[in-house]
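Scroll down for the structure; my scribbles are underneath it.
Naming: A, B, ... by sequence-line order, numbering from 1 per chain.
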Protein chains: 2
Amino acid sequence: MTVRGDAELVARAGHLFTGARHEFVCAARDLDTWSLPDARQSVARRLPRHGASGLAVKKLFTPVALADEAARAHLREVVTNGVEVRISSTPLPHETIVIDRRVMILAERDGPGSREYTVTTSPTLVNGVYSLFAAAWDAATELTAYLRGDAPHLDDDSRAVLRALGAGYTDETAARHLGLSLRTYRRRVAELMDALEADSRFQAGLRAGELGLTG
Amino acid sequence: MTVRGDAELVARAGHLFTGARHEFVCAARDLDTWSLPDARQSVARRLPRHGASGLAVKKLFTPVALADEAARAHLREVVTNGVEVRISSTPLPHETIVIDRRVMILAERDGPGSREYTVTTSPTLVNGVYSLFAAAWDAATELTAYLRGDAPHLDDDSRAVLRALGAGYTDETAARHLGLSLRTYRRRVAELMDALEADSRFQAGLRAGELGLTG
DNA sequence: AACGTGATGGCAGCAAGCTGCCACGTGCGG
DNA sequence: CCGCACGTGGCAGCTTGCTGCCATCACGTT
């Protein structure tokens with residue numbers, strides 16, 4: 001089933017949103033999903049309140065969705081409402097929604113005015129898309145972790161320390177290798193762990209990997 | 001369009017495989033795709049030879065596909081034929097194929113005998129699935145890297161240890177939390193680091209992240 | 001029952017990591 | 001010149017991580 005434009009989607013498929021019982025997942029590039037504010041609200045109003053029901057809501061975005069502060073604030077608020085939000089560092093469809101693992105709605109790359117939506121209930125299609133979504137979801141990072149975890153630009157010093165750690169040197173050899181005293185090297189490591197909000201060196205390694213500070 | 005069974009798929013959609021011009025991507029849980037050897041060969045014969053054409057072939061599997069040695073050998077051979085193979089640590093659809101970003105074929109979870117395939121050309125659906133595939137692909141690790149660096153299948157115990165480490169617990173609390181003695185917990189950590197060929201816990205964290213052992 | 005094997009856990013001792021404290025040098029503004 | 005802030009490094013003491021050694025226990029085998 002194909003519909004054009006937000007209004008028609010709400011009219012024809014609105015009941016699907018309302019009918020969500022267990023799970024509502026969506027993947028999108030950014031937050032521009034509902035170009036028409038009233039359409040957005042219309043759907044939002046129909047969605048059951050977060051925690052109350054046993055409805056799990058998962059939203060997956062690209063970093064594009066964090067472009068402006070308003071968007072970040074909105075996402076943070078959504079999170080406090082019990083919605084899980086994750087950020088994927090790889091491109092995503094313009095819009096993919098799967099409801100209760102039974103229905104899915106895909107949006108075409110938007111033309112200037114109206115957007116084209118495809119609504120499908122074929123189990124084969126829905127399951128396939130759902131599994132792919134799950135894979136992308138699992139690989140993505142929690143919004144809070146993402147917002148917190150970026151040590152946006154750490155100086156060359158820290159990078160050197162990171163490399164030393166990654167090379168598996170002991171602190172002593174690493175310090176010698178970097179021309180630092182043991183004390184200072186460890187200070188640097190502590191600072192780094194602080195920046196990464198890691199409680200242990202293992203965690204620091206994990207975070208460093210996640211944030212792509214290895215290459 | 002829906003077809004049942006391998007034979008029918010080959011008959012009705014075989015030309016799609018032959019028609020692949022630029023790109024052939026697939027995601028699957030394991031290698032049991034083509035239950036019928038002749039169907040498999042039939043399709044294989046129709047696929048253009050690897051490097052010759054400008055055809056890029058990408059295959060994404062779960063670790064299940066590496067269960068037995070025969071499967072691993074087959075995948076290694078496929079790689080030498082110029083096919084890109086990656087392993088995703090998260091569940092995947094039973095079968096998803098996208099050809100030239102224009103056609104896609106999804107396979108339903110297989111019944112006992114015949115399997116149900118869905119063939120779709122709707123740009124909206126194909127693009128959506130393709131983007132999700134790309135996200136999962138980007139997050140997966142190269143087969144060679146996976147085979148080299150891996151603790152191929154670590155038991156639940158090790159995974160628990162990994163989670164404890166990732167959570168940033170100290171050894172003592174982690175051990176208590178897992179119902180192990182401090183000594184044994186540390187033994188486990190040592191074994192894990194050995195398996196990951198890591199010289200330090202930091203390195204272990206890094207590797208664990210690289211290998212996608214976090215989720 | 002006797003035996004080997006393997007996983008476990010306590011202990012001890014060492015190595016490594018962590019941090020507070022203080023002292024020194026450099027640079028900057030008063 | 002003095003004082004101040006800041007980064008550095010030595011020292012000391014503590015915590016944590018690491019491992020060899022040995023006793024124990026659970027098991028399957030002979």
Side-chain angles (χ1 to χ4, degrees), chain A residues 145 148-214, chain B residues 63 67-69 148-215:
Chain A
R148 145 169 61 76
D150 54 347
H153 28 282
L154 17 74
D155 45 14
D156 294 343
D157 241 8
S158 300
R159 288 183 179 276
V161 172
L162 217 48
R163 254 181 286 115
L165 282 170
Y169 295 150
T170 155
D171 285 13
E172 195 178 337
T173 61
R176 213 161 351 100
H177 194 269
L178 294 179
L180 291 175
S181 83
L182 192 60
R183 182 70 185 86
T184 314
Y185 176 75
R186 287 187 172 148
R187 224 181 240 129
R188 292 291 161 75
V189 174
E191 290 164 6
L192 205 61
M193 287 175 55
D194 203 47
L196 296 173
E197 295 192 25
D199 292 332
S200 65
R201 289 196 176 198
F202 183 92
Q203 247 189 342
L206 215 54
R207 292 273 160 75
E210 280 176 9
L211 301 174
L213 305 173
T214 46
Chain B
D68 55 82
E69 181 52 43
R148 152 169 55 76
D150 63 345
H153 28 281
L154 17 75
D155 44 13
D156 295 342
D157 242 8
S158 300
R159 289 182 177 276
V161 172
L162 218 48
R163 253 180 288 115
L165 282 169
Y169 296 149
T170 92
D171 286 12
E172 195 177 337
T173 61
R176 213 158 355 98
H177 197 268
L178 294 179
L180 292 175
S181 82
L182 192 60
R183 183 70 186 84
T184 315
Y185 176 76
R186 286 186 173 151
R187 223 181 242 128
R188 292 290 158 73
V189 175
E191 289 164 8
L192 206 62
M193 287 175 54
D194 204 48
L196 296 173
E197 298 190 29
D199 293 331
S200 66
R201 289 197 176 196
F202 183 92
Q203 248 190 338
L206 216 53
R207 292 272 159 76
E210 280 177 8
L211 299 174
L213 305 173
T214 46

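Under the rule for a side chain to side chain donor-acceptor pair (under 3.5 Å), R187(A) has no partner lying at least two apart in sequence or in another chain.
Annotation: ring pair (Phe, Tyr, Trp, His ring centres under 6.0 Å) contacts involving residues 180-199 of chain A, sequence neighbours excluded, are absent. Residues in residues 190-209 of chain A take part in no ring pair (Phe, Tyr, Trp, His ring centres under 6.0 Å) pair, two or more places apart or across chains.
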Could you run through nucleotides 5-16 of chain D and give me one letter per nucleotide, 5' to 3': B if any protein heavy atom sits under 4.0 Å from the base, S if only the sugar-phosphate is that close, - if neither?
---BBBB----S
For residues 170-179 of chain B, which side-chain N or O atoms pair as donor and acceptor with protein atoms under 3.5 Å away, sequence neighbours left out?
| residue | atom | partner | partner atom | Å |
| --- | --- | --- | --- | --- |
| T170(B) | OG1 | E172(B) | N | 3.2 |
| T170(B) | OG1 | T173(B) | N | 3.4 |
| D171(B) | OD1 | R201(B) | NH1 | 2.9 |
| D171(B) | OD1 | R201(B) | NH2 | 3.4 |
| D171(B) | OD2 | R186(B) | NE | 2.9 |
| D171(B) | OD2 | R201(B) | NH2 | 2.8 |
| T173(B) | OG1 | T170(B) | N | 3.3 |
| T173(B) | OG1 | T170(B) | O | 3.0 |

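If you take CG of L192(B) and P of dC18(D), they are 11 Å apart, rounded to a whole angstrom. Protein atom CZ of F202(B) is 17 Å distant from nucleotide atom C1' of dG17(D), rounded to whole Å.
A pairwise comparison of heavy atoms in A208(B) and L162(B) identifies CB-CD1, 4.4 Å as the closest pair. Scanning all heavy atoms of the two residues, the minimum distance from A204(A) to M193(A) falls at CB-CG, 3.9 Å. Heavy-atom minimum distance, S200(A) versus G168(B): OG-CA, 4.0 Å.
To the nearest 0.5 angstrom, Q203(B) atom CD is 10.0 Å from E197(B) atom CD.
The rotation axes computed at either terminus of the helix from dA1(C)-dT30(D) to dG30(C)-dC1(D) lie 10° apart, taking five pairs at each end and rounding to 10 degrees.
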